[in-house]
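One structure is given here, and the rest of the page talks about it.
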Amino acid sequence: MEHKDLLDKGIEKIHLAELDEAINLISKSIEIKNDWEISYFYRAVAYHQNENYDEAILDYTKALKINPKMCDAYYNRAKIMLENKKENCDINKVIEDLNCALSLDENFVDALFAAAAAYKKIGDYHKSLEYLEKLLKLQPDAIHARALKKLLLQKYIV
């Protein structure tokens, strides 16, 4: 079986939430062709959904080394670090990844919201508000963005 066929079957298994099988198939694809960022990206997605965050981060990083223009890989890697609240989470690395994603797609709404949350986390409320304003220009009815903006204005920016 070719690497592409193995990857396609692995992606299908991700959609069926058969994550161990997905990881197995995609790993076989990588054994055949280890310089294709798409394989690392999708294995990272499977690891991410399987809550194996360290492996997911490693594979997102491998994908980005091969192709530094993978917007979703930057976002997903940052999202893992933000969501899992590890004590050793380097918030500056999270912000760097989100800014890389946004430099590739300035209208990436989820990355805008994540950046706003990251800046709030480090106490840069004005920068957080800046990202929320960009998001709200794209999606004026974004409930989470409106709620975070209201919180920032009422509690942190007086």
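Count residues from 1 along the sequence. Heavy-atom basis, side chains included; hydrogens, waters and symmetry copies ignored.
- At distances below 3.5 Å, at least one donor-acceptor pair connects side-chain atoms of R146 with backbone N or O atoms of P140.
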When the side chains of residues 70-78 are checked against the rest of the protein, which donor-acceptor pairs come out under 3.5 Å, sequence neighbours left out?
residue	atom	partner	partner atom	Å
Y74	OH	P68	O	2.9
N76	ND2	Y60	OH	3.1
R77	NE	D97	OD2	2.7
R77	NH1	T61	OG1	2.8
R77	NH2	D97	OD1	2.7
R77	NH2	D97	OD2	3.3

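- When every heavy atom of I26 is checked against every heavy atom of G10, the shortest pair comes out as CG1-CA, 3.8 Å.
- In this structure, CD on E83 lies 5.5 Å from NE2 on H48, to the nearest 0.5 angstrom.
- Residue-environment remark: CD (E106) stays at or below the threshold of 12 foreign heavy atoms within 6.0 Å.
- No salt bridge links K9 with E12; every basic N to acidic carboxylate O contact stays at or beyond 4.0 Å.
- Atom CZ of residue R43 and atom CG of residue N50 lie 13.0 Å apart, to the nearest 0.5 angstrom.
- Ring pair Y131/Y119: centre-to-centre distance below 6.0 Å.
- Grouping the Ile, Leu, Val, Met, Phe, Trp and Tyr side chains by contacts below 4.5 angstrom, directly or via other members, places L98 with Y125.
- Transitive grouping of hydrophobic side chains (ILVMFWY, heavy atoms separated by less than 4.5 Å) keeps Y47 and I66 in distinct clusters.
- Side chains of L138 and L112 form a contact here, defined as non-hydrogen atoms less than 4.5 Å apart.
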Can you give me every donor-acceptor pair (side chain of residues 30-37, partner residue at least two apart or in another chain, under 3.5 Å) with its distance?
residue	atom	partner	partner atom	Å
K33	NZ	D35	OD1	2.9
E37	OE2	N67	ND2	3.2

- request: Decide yes or no on side chain to side chain contact (heavy atoms under 4.5 Å, CB included) for L82 and I91, but give the supporting numbers first.
  value: CA-CA 8 Å; L82 262 180; I91 196 73; 3.8 Å; yes

K4/D8 under side chain to side chain contact (heavy atoms under 4.5 Å, CB included): CA gap, chis, key distance, verdict: CA-CA 6 Å; K4 176 88 171 78; D8 289 345; 3.0 Å; yes

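- Side-chain atoms of S128 do not come within 3.5 Å of backbone N or O of D124 as any donor-acceptor pair.
- When all heavy atoms are compared, the tightest approach of I95 to A118 is CG1-CB, 3.7 Å.
- The distance from the OH atom of Y42 to the CD1 atom of I23 is 15.0 Å, given to the nearest 0.5 Å.
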- request: Any chance you could lay out the salt bridge (Lys or Arg N to Asp or Glu O under 4.0 Å) test for K149 and E133, step after step, and finish with the verdict?
  value: CA-CA 8 Å; K149 179 181 176 181; E133 292 295 344; 2.8 Å; yes

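- The shortest heavy-atom contact between A142 and L136 is O-CD2, 4.0 Å.
- No more than 12 heavy-atom neighbours from other residues, nucleotides or ligands sit within 6.0 angstrom of NZ on K150.
- Under the 4.5 Å side-chain criterion, counting only non-hydrogen atoms from C-beta, F113 is in contact with L132.
- Minimum interatomic distance between V109 and L135 (heavy atoms only, all atoms of both residues): O-CD1, 3.6 Å.
- Minimum heavy-atom separation, V94 to M81: CG2-CB, 3.6 Å.
- Here the CG-CG distance, from L129 to L152, works out to 6.0 Å after rounding to the nearest 0.5 Å.
- Atom CD of E51 and atom CG of L19 lie 10.0 Å apart (nearest 0.5 Å).
- The two residues Y40 and K62 make their nearest non-hydrogen contact at CE2-CD, 3.5 Å.
- Put simply, CD1 on I143 and CG on L148 are 14.0 Å apart, with the number rounded to the nearest 0.5 Å.
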